[in-house]
Amino acid sequence: MKETLLQVDGMSCPSCIRHINDALRGIDGVEEVDVKLGEGTVVVKHDPSSAPMSALVAALRDAGYEARPNAA
Ligand SMILES: [Cu+2]
């Protein structure tokens, strides 16, 4: 399991938290999703072999959010 911090644009209200949870938890290999609305970040615990970064970003884009890895 890997923990990845994503910077996500466009999260503005509490229902975004649900949308993003739904989008990411729908991916095989995603174990935990922690949306920090105030910081505009999402921490994802995932198995990179079944849920690579590109899949996370694609799922968020499908849900209407632009995301990129945060190298913090
Ligand atoms: Cu919203």
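Whatever order the structure lists ligands and atoms in, that order sets their numbers, starting from 1.
Looking only at side-chain heavy atoms (C-beta outward), Leu56 and Val30 come within less than 4.5 Å of each other. At a threshold of 4.5 Å between non-hydrogen side-chain atoms, the residues Glu3 and Leu5 do not count as touching. Contact annotation: the side chain of Leu6 approaches that of Met53 to within less than 4.5 Å [non-hydrogen atoms, C-beta and beyond].
For Asp28, the CG atom sits in a loose shell: 12 or fewer heavy atoms of surrounding residues, nucleotides or ligands are nearer than 6.0 Å.
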Would you check, one step at a time, whether the test side-chain contact (heavy atoms from CB on, under 4.5 Å) holds for Arg68 with Asp9?
CA-CA 9 Å; Arg68 60 202 166 280; Asp9 292 337; 3.2 Å; yes

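Legend: side chain to side chain donor-acceptor pair (under 3.5 Å) pairs involving residues 46-56, not counting sequence neighbours, sorted by first then second residue: Thr4-His46, Asp47-Ser49.
Under 2.8 Å from the Cu ion (ligand 1), one finds the following protein N/O/S atoms: Cys13 SG, Cys16 SG.
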